[in-house]
> 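Quick one: the structure is below, and I'll ask about it shortly.
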Amino acid sequence: MATYVYVAAQDDNKVSIFTMDEASGALTLAGEQPVSGGPSLLAISPDRRTLYAGHREEPEISSYRIDQDTGGLTQTGSVIPPGQPAFLATDRTGRFLLSSYYADGKAAVHPLGDDGSVGGAPTSVVNTAVGAHAMQTDRSNRFAYVPHIARQNDNVLEPPKNIPAPNVIYQFRFDESTGVLTHSDPPVLTQDDFIGPRHFTFHPTLDVVCFSNEQGCSVSAYRMDDAGRLTALQTVSTLPEGVTERNTCSQIQFSPDGSLLFVPNRGHNSIASFSVGGDGRLTPAGHVATEAVPSAFSLDPSGRFVYAAGSATGQLASYSINGDTGELTPLGAYAVGARPMWVLTTTLG
C-alpha cells in the first residue's frame with residue numbers, strides 16, 4: 001500500500017502526482033499528467049481505480065485509470081457536461097458521477113461504465129440557481145445537497161463585486177438504481193444570515209453534515225433526519241477573534257475518525273482546526289498560516305498529514321496533524337504549478 005497526492009494546476013494544464021512518505025509525510029514527485037482545458041476539479045471512485053477531472057477553460061469531464069503500482073494515469077473517457085463543472089463526486093456505489101455548475105445554475109448525474117469511465121449522457125440534469133458550488137450524496141446514498149454561495153465572483157484578491165447569489169442549500173433525493181434526482185421536501189433550505197454555503201463534508205459516523213460558508217467565514221453544522229432534512233445545529237467562525245481583513249472560506253474536511261474538522265481561510269491565509277464532540281458540535285482548536293489563497297486542501301487517508309495548495313503562489317504546503325488537539329505543524333512546501341485548484345490524496349495498491 002502506498003499513499004499518493006494528486007494536484008490539479010489549472011493554468012499549467014497538468015495534474016502532478018506525488019508519493020507520500022508514510023512516516024514523515026514528505027512528498028516526492030512521481031510524475032505529471034498533461035490535462036488540457038484547465039483542470040480544476042478532481043474526484044476518485046470508491047474502489048480508488050479511477051480518477052475524474054473537471055476542466056474549466058474547455059468544459060469537459062474526463063476519467064483516468066489509476067495504475068495501482070505507480071499512481072500513473074491513463075485516460076479512459078470523456079464527456080461534454082451541461083455547463084462548466086464546479087464540483088465532482090461519485091455516488092457511494094461508484095456507478096454515477098455527480099456534478100454541480102456554478103455559472104450555469106445546474107446539478108447533474110452521469111452514468112459510469114463498468115470500468116469507472118465517463119462518457120454517457122446524463123441520467124439527470126436539474127436547474128438550481130447560479131452559484132451552485134458542490135454536490136455529494138450522504139452516507140445512505142439516498143440524499144444529495146447542492147450549496148449556493150451568497151455573492152458571485154468573490155475573489156479575495158479584488159474588492160467585493162457585490163453580485164448577489166442565492167445563499168441557499170438545495171436538497172434532493174437520489175435514486176442509486178437509476179441515477180435520478182428529485183427535489184426533497186422542502187426543496188430549498190434558506191439561510192438566515194449572509195453566509196454563502198460553499199462546500200460540505202459528512203461526519204463518518206454521526207448524522208451530521210458541516211458546510212463551509214464562503215461569505216460568512218464560518219462553518220455551519222446540521223443534523224440530518226431519516227428524510228434527509230437538515231436542521232441547524234451550530235455556526236462557528238473560522239477566523240481568530242478580532243480579524244477584519246477580507247476573507248472567504250473554501251473547502252472543508254473531517255479527519256477520518258471524525259474527531260477533527262479543518263477549513264482553509266482565503267485572505268487570512270490560514271487553516272482553521274476544530275475538535276468535534278460526540279454530538280457533532282465544534283470547538284475551535286487553532287489556526288496555522290498557509291500559502292496565499294488556499295482554495296484546495298486534503299488530509300491523507302490516515303489523518304496524520306494535510307496538504308494545502310496556494311492558488312496565488314503555486315505552492316503546496318504540508319503539515320503534520322496532532323490527532324489529540326488538531327494542532328498543525330508546518331513540514332515544508334512543494335512547487336505544483338500555476339493556480340493549483342484541487343488536491344486529492346488516496347492510498348493505492
Side-chain angles (χ1 to χ4, degrees), residues 8 10 38-43 52-56 59 61 81-90 97-109 125-138 143-156 160-172 174 181 187-191 193-202 209-222 230 235 238 247-253 262-267 293-298 309 311 339-344:
Q10 178 180 308
S40 60
L41 313 169
L42 299 176
Y52 304 94
H55 309 241
R56 178 166 290 180
I61 299 171
Q84 183 186 84
F87 192 93
L88 301 175
T90 67
L97 186 69
L98 287 70
S99 50
S100 63
Y101 299 86
Y102 176 106
D104 304 276
K106 297 179 185 295
V109 180
V125 179
V126 294
N127 293 321
T128 59
V130 69
H133 227 307
M135 187 182 186
Q136 298 179 72
T137 56
D138 74 314
F143 308 106
Y145 305 95
V146 183
H148 293 64
I149 56 173
R151 184 164 53 213
Q152 299 179 51
N153 305 323
D154 208 358
N155 187 339
V156 295
K161 297 179 178 63
N162 295 319
I163 305 172
N167 193 36
V168 299
I169 300 170
Y170 276 71
Q171 305 181 117
F172 294 96
F174 175 71
L181 295 169
V188 175
L189 180 66
T190 58
Q191 306 299 304
D193 298 315
F194 188 79
I195 60 175
R198 176 186 169 98
H199 282 190
F200 60 103
T201 182
F202 293 99
V209 56
C210 288
F211 288 76
S212 63
N213 297 318
E214 182 171 308
Q215 284 71 41
C217 302
S218 59
V219 175
S220 290
Y222 296 85
L230 302 180
T235 295
T238 62
N247 185 77
T248 62
C249 283
S250 55
Q251 298 181 351
I252 184 170
Q253 190 175 351
F262 300 91
V263 185
N265 287 300
R266 300 178 299 178
V293 193
S295 292
F297 84 123
S298 182
S311 60
R339 204 174 180 191
M341 294 298 290
W342 210 270
V343 182
L344 186 152

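Scope of the values below: all heavy atoms of this structure, side chains included, with no hydrogens, waters or symmetry mates.
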> Can you list everything that forms a salt bridge (Lys or Arg N to Asp or Glu O under 4.0 Å) with Arg56? Sequence neighbours excluded, please.
none

> Looking only at atom types and distance, does a side-chain atom of Ser311 sit under 3.5 Å from a main-chain N or O of Val293, one as donor and one as acceptor?
yes

> What pair of heavy atoms forms the shortest contact from Ser99 to Met135, and how long is it?
O-SD, 3.4 Å

> Among all residues two or more places apart in sequence or in another chain, which pass the side chain to side chain contact (heavy atoms under 4.5 Å, CB included) test with Gln171?
Tyr145, Ser184, Pro186, Leu189, Leu230

> Which pair of non-hydrogen atoms, one from Val219 and one from Ile252, has the smallest distance, and what is that distance?
CG1-CD1, 3.9 Å

> With no hydrogens and no angle check, is any side-chain donor or acceptor of Gln10 less than 3.5 Å from a backbone partner on Met341?
no

> Test of understanding: with ring-ring contact (aromatic ring centres under 6.0 Å, His included), list the residues that count as partners of Phe87, not counting sequence neighbours.
His199, Trp342

> Which residues pass the ring-ring contact (aromatic ring centres under 6.0 Å, His included) test with Phe143, not counting sequence neighbours?
none

> Can you sort out the partners of Phe200 under ring-ring contact (aromatic ring centres under 6.0 Å, His included), two or more places apart, ordered by chain and number?
Phe202, Phe211

> Check whether any side-chain heavy atom of Tyr102 sits under 4.5 Å from a side-chain heavy atom of Asn153, and report yes or no.
yes

> For residues Val125 and Ala108, report the shortest heavy-atom separation together with the two atoms involved.
CG2-CB, 4.1 Å

> Are Arg266 and Glu214 close enough for a salt bridge, meaning some N to O gap below 4.0 Å?
yes

> Identify, with sequence neighbours excluded, every residue that meets ring-ring contact (aromatic ring centres under 6.0 Å, His included) alongside Phe297.
none

> Taking the side chain as C-beta and beyond, is there a heavy-atom pair between Val130 and Pro166 under 4.5 Å?
yes

> Test Cys249 against every option in Thr238, Ile195, Asn213 by the side-chain contact (heavy atoms from CB on, under 4.5 Å) rule and name the one that passes.
Thr238

> Does Ala86 offer a backbone N or O that forms a donor-acceptor pair with the side chain of Ser100 under 3.5 Å?
no

> Hey, is the main chain of Gly196 close enough, under 3.5 Å, to the side chain of Asn167 for a donor-acceptor pair?
yes

> Any idea which heavy atoms bring Val343 and Ala296 closest together, and the distance?
N-CB, 3.8 Å

